[in-house]
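What follows is a short report on a single structure.
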Amino acid sequence: MIKERLARLREAMKEAGIDCYIIPTSDYHNSEYVSDFFCVRRYFSGFTGSAGTLVVHADKAALFTDGRYFIQAAKQLEGSGITLMKMGEPSVPELTEYVERELPEGCNIGFDGRVITAGDGLDYEKTAAKKGGKVIWNLDLAEGIWEERPKLSFTPVYVLEERYCGESTARKLERVREKMKEEEAEVHILTTLDDIAWLFNLRADDVKSCPVFLSYAAVTRGEAYLFAGESAFGSEVREYLDRNQITLRPYDDFYNFAAGLKNRKEKTGLLICEKRINYRLKKEIGDEVRIIDKANPTTLMKAVKNPAEQENLRKAHLMDAVAVTKFMYWLKKNVGKMPMTEISAARYLEELRAKSPSFIEPSFSTICAYGPNGAIIHYGATEENFSEIHAKGMLMVDSGGHYYEGSTDITRTFILGEITEEMRQHFTLVARAMLRLKSVRFLKGCKGVNLDFAAREVFWEKGMDYKHGTGHGVGYLLNVHEGPNSFRFKPAAGSDENWEFEPGMVTTDEPGIYIEGSHGVRIENELLCCESVKNEFGQFMEFEDLTYVPIDLDGIDASSMDEREKRVLNQYHEFVFEKLFPFFEGEELAWLRNATRRI
């Protein structure tokens with residue numbers, strides 16, 4: 001099937017005069033996760049991971065993806081004729097290097113300019129020019145090939161009440177305009193969906209597990225425009241927009257608005273983050289507009305949760321912890337005594353979360369990975385491909401929920417019975433790394449590249465590592481992956497995730513070990529950055545745990561831990577028990593007391 005689709009794509013490429021066609025994992029808004037309409041790379045490659053770029057030539061094709069997906073991609077590309085390019089590996093070229101190397105002289109590069117970032121598009125322009133060709137950027141070749149392609153999604157938009165978001169849209173717009181004035185900008189354009197949803201305090205369901213809506217926005221010194229699917233806005237939401245002096249315009253009008261900036265009498269100062277916009281927008285703006293290329297003001301604003309959001313997040317995490325801890329109890333009590341699969345276990349966990357009246361939906365597709373499947377970092381069980389769960393080995397569950405009080409993301413690896421000594425040592429190593437990072441104290445001014453070492457040190461000491469960041473920011477009822485804060489020992493290419501940690505930022509702490517064909521271990525908490533002591537040496541910072549779920553002590557080898565690590569683990573479990581015991585009774589409460597025992 002994949003070979004047939006690629007053959008049809010190559011025919012379309014030939015007709016359009018395209019020699020190399022590039023298909024990223026993206027939508028018109030540079031989103032990490034996309035709605036079904038935009039799953040073009042998946043359609044032509046068969047690879048279902050959330051990150052990857054397909055490069056198709058007349059006689060070959062290659063898929064570039066990162067370390068989270070090496071195992072998964074290798075399996076899904078079997079028999080397709082597509083070569084897997086493992087990004088970051090020593091022998092693998094950068095994507096742009098590969099395109100330049102493989103492009104023959106006088107040949108053209110093609111892509112849909114709406115799903116390619118401005119920076120990448122300009123790089124491809126230069127590459128094509130070097131080879132005496134050009135870029136053809138206005139063709140979505142999937143249109144004539146993908147016959148049953150889903151339609152663009154415009155789900156009902158709703159207002160997130162101020163008691164949840166903690167700040168009015170009027171005040172947020174005022175803060176953005178203050179930044180515009182500071183940067184001497186007359187217009188600010190936003191194309192990233194989570195920034196727009198945050199700014200206008202609106203949510204929807206256009207992307208699975210991401211409560212955003214397809215839209216663009218423009219803010220001037222006195223006006224605000226929202227370009228979106230008009231059918232998604234009911235009368236109450238339209239009245240809300242009117243009260244906040246926000247003009248709703250059709251989704252497809254956005255590029256006409258952007259092109260019109262060139263026609264203003266004076267050269268417009270446009271505040272825009274060029275890393276976050278697509279290539280078509282860059283072309284529409286042209287050179288007549290004075291570009292102020294800075295990070296979107298909303299990026300940092302939304303990353304720093306206000307006091308109301310922080311308090312709501314504690315409530316959301318408590319509701320979530322009750323569900324996940326009851327799941328842990330159920331799992332350990334029933335494994336081996338009743339039929340259980342990765343799918344049925346994930347479904348039961350969602351049922352427990354859904355008992356909360358504030359629960360909306362999972363914050364991402366649950367990763368419920370038993371045994372060797374745990375080595376696939378972003379594993380996803382399907383109705384056609386899943387494993388039964390037995391009373392031995394380990395089960396890794398990475399899951400989360402969207403609540404009106406905020407979003408959660410937690411991973412726990414559960415011990416289901418007999419495990420090998422290697423598994424126990426790996427479990428303990430991951431726990432040690434996670435505990436070290438969450439308990440670190442640091443001077444204000446530190447970034448994720450400084451703090452990541454607190455977790456990785458114990459891995460590097462043993463000559464080991466994991467192929468993902470140690471942690472990412474988390475949105476408030478928005479994208480579960482949110483910048484700019486993160487824990488990485490080196491910044492991701494092209495990212496803006498290299499900012500100082502500020503009070504109010506929420507970041508995950510999730511080291512892991514992945515042994516192909518055997519097992520995987522990941523343990524994850526969410527951390528709230530807070531101010532600690534201030535003295536003659538400066539302002540110190542620390543983290544508050546937002547995740548209140550036991551770490552499975554059945555996997556811990558206490559003799560491999562130092563005294564500080566054991567103290568941190570014991571203190572954490574005391575904290576967890578105090579949070580959870582009012583929600584447990586009888587046999588469940590006795591189990592909880594044992595699950596949080598001192599070691």
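Results of the ring-ring contact (aromatic ring centres under 6.0 Å, His included) test with Tyr124 over Trp137, Phe111, Tyr98, Tyr279 single out Phe111 as the only residue that passes. Of the listed residues (Ile22, Leu54, Val34), just one forms a side-chain contact (heavy atoms from CB on, under 4.5 Å) with Arg41, and that residue is Leu54.
Under the 30°/60° scheme for interplanar angles, the aromatic rings of Tyr28 and Tyr251 are found to lie parallel. Aromatic ring orientation, Tyr43 versus Trp146: parallel (interplanar angle below 30°, classes split at 30° and 60°). Relative orientation of the Tyr255 and Tyr216 rings is perpendicular, given thresholds of 30° and 60° on the angle between their planes.
Counting heavy atoms from C-beta on, the side chains of Leu9 and Ile23 come closer than 4.5 Å. Inter-residue side-chain proximity for Met87 and Leu95 is flagged as unmet; no heavy-atom pair is nearer than 4.5 Å. Side-chain contact between Glu526 and Thr508 is present, with at least one heavy-atom pair separated by less than 4.5 Å. Side-chain atoms of Phe254 and Thr191, non-hydrogen and from C-beta on, do get closer than 4.5 Å to each other. Using a 4.5 Å cut-off on side-chain heavy atoms (C-beta onward), Leu141 and Ile18 make contact. You'll find the side chain of Tyr476 stays beyond 4.5 Å of the side chain of Val506, heavy atoms only. Inter-residue side-chain proximity for Asn278 and Asn30 is flagged as unmet; no heavy-atom pair is nearer than 4.5 Å. Between Val212 and Ile196 there is no side-chain heavy-atom pair separated by less than 4.5 Å.
Not a single donor-acceptor pair under 3.5 Å links the side chain of Glu524 to the backbone N or O of Glu510. In this structure a side-chain-to-backbone donor-acceptor pair under 3.5 Å is present from Lys172 to Trp198. At distances below 3.5 Å, not a single donor-acceptor pair connects side-chain atoms of Arg249 with backbone N or O atoms of Ala228. For Lys131 (side chain) and Leu103 (main-chain N/O), a donor-acceptor pair under 3.5 Å exists by modelled atom type.
Here His402 contributes atom NE2 and Cys210 contributes atom SG; the two are 6.0 Å apart, rounded to the nearest 0.5 Å. The line from CZ of Arg5 to OG of Ser80 is 12.0 Å long, rounded to the nearest 0.5 Å. Rounding to the nearest 0.5 Å places CE of Met464 at 6.5 Å from CZ of Phe459. Note that CD of Glu361 is 5.0 Å distant from CG of Asp205, once rounded to the nearest 0.5 Å. Atoms NE2 and CG, on His378 and Asp398 in that order, are 6.5 Å from each other to the nearest 0.5 Å. Rounded to the nearest 0.5 Å, atoms CG (Asp452) and NZ (Lys490) are 11.5 Å apart.
Within the 6.0 Å centre-distance limit, the rings of Phe47 and Tyr69 are counted as a close aromatic pair. Taking the six-membered ring for Trp and the full ring otherwise, the centers of Phe233 and Phe154 sit at least 6.0 Å from each other.
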**Q.** Arg8 vs Glu147, salt bridge (charged side-chain N to carboxylate O under 4.0 Å, His left out): CA-CA, chis, key distance, verdict
**A.** CA-CA 12 Å; Arg8 294 185 64 189; Glu147 296 173 355; 3.7 Å; yes

Q: May I have the step-by-step check of side-chain hydrogen bond (donor to acceptor under 3.5 Å, both in side chains) for Asn485 and Thr507, ending in yes or no?
A: CA-CA 7 Å; Asn485 46 303; Thr507 317; 2.8 Å; yes

Q | From CA spacing to verdict: side-chain hydrogen bond (donor to acceptor under 3.5 Å, both in side chains), Ser35, Asp206 | A | CA-CA 7 Å; Ser35 60; Asp206 286 359; over 6 Å; no

Q. Between Arg280 and Glu284, does a salt bridge (charged side-chain N to carboxylate O under 4.0 Å, His left out) hold up when you go through it step by step?
A. CA-CA 6 Å; Arg280 179 181 173 180; Glu284 295 286 3; 3.2 Å; yes

**Q.** Asp140 and Arg149: CA distance, side-chain angles, deciding distance, salt bridge (charged side-chain N to carboxylate O under 4.0 Å, His left out) verdict
**A.** CA-CA 12 Å; Asp140 176 4; Arg149 187 177 187 176; 2.8 Å; yes

Q: Start with the C-alpha distance between Asn385 and Thr382, add both sets of side-chain angles, then the distance that settles side-chain hydrogen bond (donor to acceptor under 3.5 Å, both in side chains), and finish with yes or no.
A: CA-CA 5 Å; Asn385 183 25; Thr382 66; 5.2 Å; no

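In this structure, a donor-acceptor pair under 3.5 Å is present between the side chains of Asp195 and Thr298.
By the ring pair (Phe, Tyr, Trp, His ring centres under 6.0 Å) test, Tyr514 pairs with His468, sequence neighbours left out.
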